Amino acid sequence: MISTIDAQVVNVALGERAYDIVIGRGIIDGAGERVGALGASAAAIVTDDAVGALHCERLAAGLARAGLRVERISVPPGEGSKSYATLARVCDSILAARIERGDIVVALGGGVVGDLAGFAAAIVRRGIRFVQVPTTLLAQVDSSVGGKTGVNSVHGKNLVGAFHQPELVLADTALLDTLPAREIRAGWAETVKYGLIDDPAFFAWCDANWRAVFEGGPERDHAVAVSCRSKAAIVARDERETGDRALLNLGHTFGHALERVVGYDPARLIHGEAVAIGMAQAFRFSSTQGLCPPQDAEAVETHLRAVGLPTRLSEIPGGFGGVDALVDAMAQDKKVVAGALTFILARGVGASFIARGVPVGDIRAFLLAESAKD
Ligand code: GLY
């Protein structure tokens, strides 16, 4: 019998690959029962040294109580672990631990660990089952759901990877209590994104309730559940991003380019911060193109600033290397087709849309104006 401590369950309706996202405080203590119910005999927990020290023992003990043989694989924390070298080490460790196809890889950590462990699970033995136990807000509302896995290349972020859906996501919102405030803010950018895409009521809710979410009240579970429901609906109708799923990239074409020009240096910018600047830019660009009322672009910026997120190029410590570097970085993104860029633009808060074929010249002019103003 699986314990039901105040958990909310969101299903990702992908036919025979459908799975549940279980959300709630303390649900990691029921992980053994839930993972055990998947019918594996062994589990390899992939984590990083920082998260592992906080939560791995508790997770491993629960899995062992459920009768699973448990192996642990740890990588250094940080974006640097989304590399070929670390991927090779994780794959070899999974094989050395004799994890078979019917066994489970459990990703315990934030977006880096989830993407890395998920990709290892996708390719070792041509596919091992996996479970996500996200430990950051960003991973709980976004990266642990939907099956995108991968590592970075010298050519850009997430350029080598695979779609490989987890069989279960366990989002224990109490694990966020130990997260640094900066990480919570960064995850918030991906949370409020769902309001900006197509849910103006959720944007208003976020604006009214973000403090309670940060403090760990019941509003936190609500924010994670709404985000996961939005993402699950999009993934269910467009698993491989041939259409609507691209909406989830709101702020990401600008954001990925910013991360690249700062050399993925977390002292300068972390992913959610880059997305915050990117979303503010997407709304400002939409406004300068006459697509979106200026007051909507202002509302987005006001909210992000209230939370403590950056919204302007001038807020990047050490600068961003100039408009040419930024435009070059965008040209390597996965969203480039025949030299024109795909952006997620907006007609207003909650009215985002996919804009294909945005001329690079328009983006360059916008960025020049932004950098001169800042
Ligand atoms: N993080 C964007 C997506 O999963 O599609």
Side-chain angles (χ1 to χ4, degrees), residues 8 10 12 21-25 109-112 114-115 132 134-146 148 169-235 245 247-252 254-255 269-283 296 299-311 344 346 349-352:
Q8 302 191 50
V10 174
V12 185
I21 309 162
V22 184
I23 301 152
R25 287 188 77 83
V112 167
D115 287 6
Q132 292 264 20
T135 60
T136 62
L137 180 60
L138 188 141
Q140 293 191 354
V141 299
D142 182 34
S143 61
S144 67
V145 175
K148 280 190 180 175
V169 179
L170 297 176
D172 185 336
T173 50
L175 302 187
L176 308 185
D177 293 348
T178 54
L179 265 194
R182 185 180 178 203
E183 290 287 343
I184 293 271
R185 287 196 294 270
W188 188 253
E190 297 278 13
T191 308
V192 77
K193 181 184 81 175
Y194 296 103
L196 299 179
I197 290 173
D198 64 0
D199 190 348
F202 184 56
F203 177 73
W205 184 90
C206 285
D207 205 32
N209 291 284
W210 64 270
R211 286 182 188 79
V213 174
F214 283 28
E215 284 160 11
E219 293 85 354
R220 181 184 285 171
D221 290 14
H222 179 74
V224 174
V226 172
S227 302
C228 288
R229 264 199 295 278
S230 288
K231 180 147 187 185
I234 291 179
V235 168
R245 185 165 176 168
L247 290 168
L248 297 173
N249 297 327
L250 176 63
H252 284 62
F254 288 118
L269 209 56
I270 53 178
H271 179 66
E273 294 168 342
V275 168
I277 298 175
M279 292 194 302
Q281 287 185 312
F283 272 80
D296 283 35
V300 173
E301 182 158 7
T302 302
H303 174 75
L304 295 172
R305 295 188 81 76
V307 167
L309 282 162
T311 59
I344 309 308
V349 166
S352 296

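Throughout, residue positions are numbered sequentially from 1 according to the sequence presented. Predicted, not measured: the structure shown is a model, and the values here were computed from it.
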Looking at every non-hydrogen atom in both residues, tell me the closest pair between A223 and V213 and how far apart they are. CB-CG2, 4.1 Å
Is any side-chain heavy atom of H303 closer than 4.5 Å to one of M279? no
Test side-chain contact (heavy atoms from CB on, under 4.5 Å) applied to N209 - qualifying residues, sequence neighbours left out: W205, E219
L248 versus Y194: any side-chain heavy-atom pair under 4.5 Å? yes
Would you call V169 and V22 a side-chain contact if the rule is heavy atoms closer than 4.5 Å? no
Rounded to the nearest 0.5 Å, what's the gap from CG on L250 to NZ on K193? Could you check? 7.5 Å
Using only atom types and a distance under 3.5 Å, with no angle test, would you say the side chain of E273 pairs donor to acceptor with the backbone of I270? yes
For V145 and Q140 the tightest heavy-atom approach is CG2-O, 4.4 Å
Please answer whether the main-chain N or O of G251 pairs with a side-chain N or O of Q281 as donor and acceptor at a distance below 3.5 Å. no
With sequence neighbours left out, the residues meeting side-chain contact (heavy atoms from CB on, under 4.5 Å) with L179 are T136, L176, E183, I184
Nearest 0.5 Å, what's the CD1-CD1 distance between I344 and I197? 8.0 Å
Closest heavy-atom pair, G109 versus A139, reported as atoms and distance to 0.1 Å, is O-CB, 4.2 Å
Set of residues satisfying salt bridge (Lys or Arg N to Asp or Glu O under 4.0 Å) with respect to R185, sequence neighbours excluded: none
With side chains defined as the heavy atoms from C-beta onward, is the minimum distance between L304 and V300 less than 4.5 Å? yes
Ignoring hydrogens, what is the shortest heavy-atom contact between A276 and P310? Give both atom names and the distance. CB-O, 3.4 Å
Going by heavy atoms in the side chains, are C228 and I23 under 4.5 Å from each other? yes
Do L269 and I277 make a side-chain contact, defined as non-hydrogen atoms from C-beta onward lying under 4.5 Å apart? yes
Excluding sequence neighbours, so at least two apart, what forms side-chain hydrogen bond (donor to acceptor under 3.5 Å, both in side chains) with R211? none
How many angstroms lie between atom OG of S227 and atom CG of L137, to the nearest 0.5 angstrom? 7.5 Å
Minimum-distance pair of heavy atoms, taken over all atoms of V275 and A189: CG1-CB, 4.5 Å
Quick one: pull up CZ in R229 and CD1 in I234 and give me the separation to the nearest 0.5 Å. 13.5 Å
Between A232 and V12, what is the shortest heavy-atom contact and its length? CB-CG2, 3.9 Å
Can you confirm whether R25 sits close enough to D177 that some side-chain heavy atom of one is under 4.5 Å from a side-chain heavy atom of the other? yes
For D115, which residues count as a salt bridge (Lys or Arg N to Asp or Glu O under 4.0 Å) partner, sequence neighbours excluded? K82
Using 0.5 Å steps for rounding, measure from the CG atom of N249 to the OG atom of S352. 11.5 Å
Tell me whether D142 is salt-bridged to K231, with the criterion being a basic N under 4.0 Å from an acidic carboxylate O. yes
Mind checking whether D198 and L247 have side chains closer than 4.5 Å, heavy atoms only? no
Donor-acceptor check, side chain of H222 to backbone of R220, threshold 3.5 angstrom: yes or no? no
According to ring-ring contact (aromatic ring centres under 6.0 Å, His included), who are the partners of F214, at least two apart in sequence or on a separate chain? W188, W210
